[in-house]
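Written out below as structure tokens is the structure these notes cover.
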Amino acid sequence: MPDPLRIAYLMEDTDLSGGVRIQLAQADALIARGHDITIYTRGLPLTWRSSAAQWAYVDDFTTVDASELDFVIGTFWTTVGAAWTIAGERALHLCQGYEGAFSAYESMRPQIEETYRLPMPKLVVTPSLVPVCRTFVAEVVYIGQIVDDAFYRPSSLDREPPRVLLAGASQIDFKGIEIGYAAVAHARWQGAPFELVRVSPWAPSSDEPVTELAAEFHVALNANEMTKLVHSCDIFLGPSRRDEGFGLPAAEAMAAAIPTVLTRIPSFLSFDPAHDYALFADEDDAEGLGDALLDLMADEDLRVRLRVRGRAVAEQFRAVNAARRIETYLYERRERLARAKT
């Protein structure tokens, strides 16, 4: 067995988000396999999730001493340049979504593209990001996503009325939350009785129709609370647009054996080539998503099939599977770098 890996993650902040959750899950999964992980952050102490990593709080990532480390991983475009500065060929870029495509960063796209062109291998969480990242560098490696093991417990079945979960911040346009609300309104107009459950890392936006359409609105749930909420629901509605890097809540719902209605976007379609693990509608098609909700609520056999198939597809996202893929690549790259020096 090769010597354990010594790895640093550069984490911009510790705020509650899917991206940070995955960084923490990767670190824990690698630690469970015997590796030495330190997280360097400019953020505040972590409060909403446990972490087995060593932590260091810094003002400037370029002051980190990387001389004894095997790898330094930049986890967001703002940390990638620092990883390259302190580690050079031992730097890696963990990409969970191409930030240059996000409307919030449109004015910063030239800087993002320059960062993406740094000669660093990119580790991507979904196959749909491979061609995107290969427009910038040649070495792009699919490592997979991680769903916490706590989600892999079947939820209770078929509450009356059904509870439909819509997750994500309405302020992030690629989450498509306004389309989700429109799909709910369409299904209700057709006479479907169900409760809409909203969850977001942020408070609702001023124009969000919470009072009219949602029975519940949950804000900034910690890891345990989010797991419990997912298991309290019967259907997951995922209206994300194509800029969605992965769509972690959809994978978590599938792991919990909850049938899903999803948009036909690259990240969701990349879960499995059969595309038989969810009902799909086109991006921005509120009526199509609403009709799919109606079909799912009306057909018990369909719900059972999607529970079973979705759970089977989600097995690939268990932490141990992702950790093995990361570990295999990092061992190979460490050996390659060592050979190049001899």
Side-chain angles (χ1 to χ4, degrees), residues 1-11 19 22-40 52-54 56 61-100 112-146 245-246 270 316-342:
M1 181 72 177
D3 292 336
L5 296 159
R6 295 161 297 176
I7 303 169
Y9 282 75
L10 306 186
M11 185 181 291
I22 293 314
Q23 296 163 37
L24 297 170
Q26 277 190 14
D28 283 352
L30 289 168
I31 290 167
R33 296 182 68 80
H35 303 296
D36 181 4
I37 310 295
T38 302
I39 296 174
Y40 291 88
Q54 302 174 68
F61 290 123
T62 62
T63 64
V64 173
D65 181 5
S67 59
E68 300 299 319
L69 296 170
D70 292 303
F71 296 104
V72 175
I73 301 177
T75 60
F76 190 65
W77 80 270
T78 56
T79 67
V80 170
W84 174 253
T85 297
I86 65 176
E89 64 187 2
R90 293 172 292 123
L92 304 167
H93 176 187
L94 171 63
C95 180
Q96 300 188 60
Y98 173 51
E99 297 95 337
I112 293 172
E113 291 181 349
E114 182 180 1
T115 298
Y116 266 67
R117 290 191 183 97
L118 289 170
M120 302 164 51
K122 300 193 185 303
L123 311 178
V124 299
V125 299
T126 176
S128 63
L129 285 170
V130 172
V132 175
C133 288
R134 281 191 177 147
T135 65
F136 299 100
V137 297
E139 189 164 348
V140 181
V141 181
Y142 167 68
I143 58 170
Q145 189 59 285
I146 293 179
F246 179 75
S270 72
Q316 66 185 299
F317 305 131
R318 283 191 182 271
V320 64
N321 296 328
R324 286 186 186 126
R325 287 190 289 265
I326 299 169
E327 180 186 72
T328 298
Y329 171 72
L330 295 183
Y331 275 143
E332 184 276 330
R333 179 155 179 83
R334 185 172 71 175
E335 178 62 24
R336 196 177 353 141
L337 293 175
R339 288 197 306 268
K341 292 180 179 179
T342 59

Carefully, step by step, assess Arg324 and Val320 under the rule side-chain contact (heavy atoms from CB on, under 4.5 Å). CA-CA 6 Å; Arg324 286 186 186 126; Val320 64; 3.7 Å; yes
Report the C-alpha separation of Ile112 and Tyr98 in whole Å, then their side-chain angles, then the decisive distance to 0.1 Å, and conclude whether the side-chain contact (heavy atoms from CB on, under 4.5 Å) test is met. CA-CA 9 Å; Ile112 293 172; Tyr98 173 51; 4.0 Å; yes
How far apart are the C-alpha atoms of Thr78 and Glu99, what are their side-chain angles, what is the distance that settles it, and do they pass the side-chain contact (heavy atoms from CB on, under 4.5 Å) test? CA-CA 10 Å; Thr78 56; Glu99 297 95 337; over 6 Å; no
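The line from CG of Leu92 to CD of Glu139 is 8.5 Å long, rounded to the nearest 0.5 Å. Atom CD of residue Gln23 and atom OG1 of residue Thr75 lie 3.5 Å apart, to the nearest 0.5 angstrom. Within the model, atoms OG1 of Thr115 and NE2 of His93 stand 8.5 Å from one another, a figure rounded to the nearest 0.5 Å. In this structure, CD1 in Ile143 is found 9.5 Å from CD1 in Ile22, a value given to the nearest 0.5 Å. To the nearest 0.5 Å, the span separating CG on Leu30 from CD1 on Ile73 amounts to 7.5 Å. To the nearest 0.5 Å, atoms CG (Asp36) and CG (Asp3) are separated by 12.0 Å.
Taking both residues in full, the closest heavy atoms of Ala25 and Ile146 are given as CB-CG2, 3.6 Å, listed atom of the first, atom of the second, then distance. Contact detail for Leu118 and Gly81: the closest heavy-atom pair is CD1-CA, 3.8 Å. Nearest heavy atom pair, residue Tyr331 against residue Pro4, reads OH-CA, 4.2 Å. The minimum heavy-atom distance linking Trp84 with Met120 is given by the pair CE3-CG, 3.5 Å. Here the closest heavy-atom approach between residue Asp28 and residue Ala53 is recorded as OD1-N, 4.1 Å. Scanning all heavy atoms of the two residues, the minimum distance from Val72 to Ala66 falls at CG2-CB, 3.9 Å.
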Please tabulate, for side-chain N and O atoms in residues 123-138, each donor-acceptor pair with protein atoms closer than 3.5 Å (sequence neighbours left out).
unit_1	atom_1	unit_2	atom_2	d
Thr126	OG1	Ser128	OG	3.4
Thr126	OG1	Ser270	OG	2.7
Arg134	NH2	Val140	O	3.4
Thr135	OG1	Val132	O	2.6

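Distance alone, capped at 3.5 Å, is enough to place a donor-acceptor pair between the His35 side chain and the Leu5 backbone. A donor-acceptor pair under 3.5 Å is absent between the side-chain atoms of Asp70 and the main chain of Ile7, judged by distance alone.
Using a 4.5 Å heavy-atom cutoff, the side chains of Phe61 and Ile86 are not in contact. Taking 4.5 Å as the limit, some side-chain heavy atom of Arg334 sits within range of a side-chain heavy atom of Pro2.
The aromatic ring centroids of Tyr329 and Phe71 lie 6.0 Å or more from each other.
Within 6.0 Å of the CD atom in Glu114, the count of heavy atoms belonging to other residues, nucleotides or ligands does not exceed 12.
Partners of Gln26 by side chain to side chain donor-acceptor pair (under 3.5 Å), not counting sequence neighbours, listed by chain and number: Tyr9.
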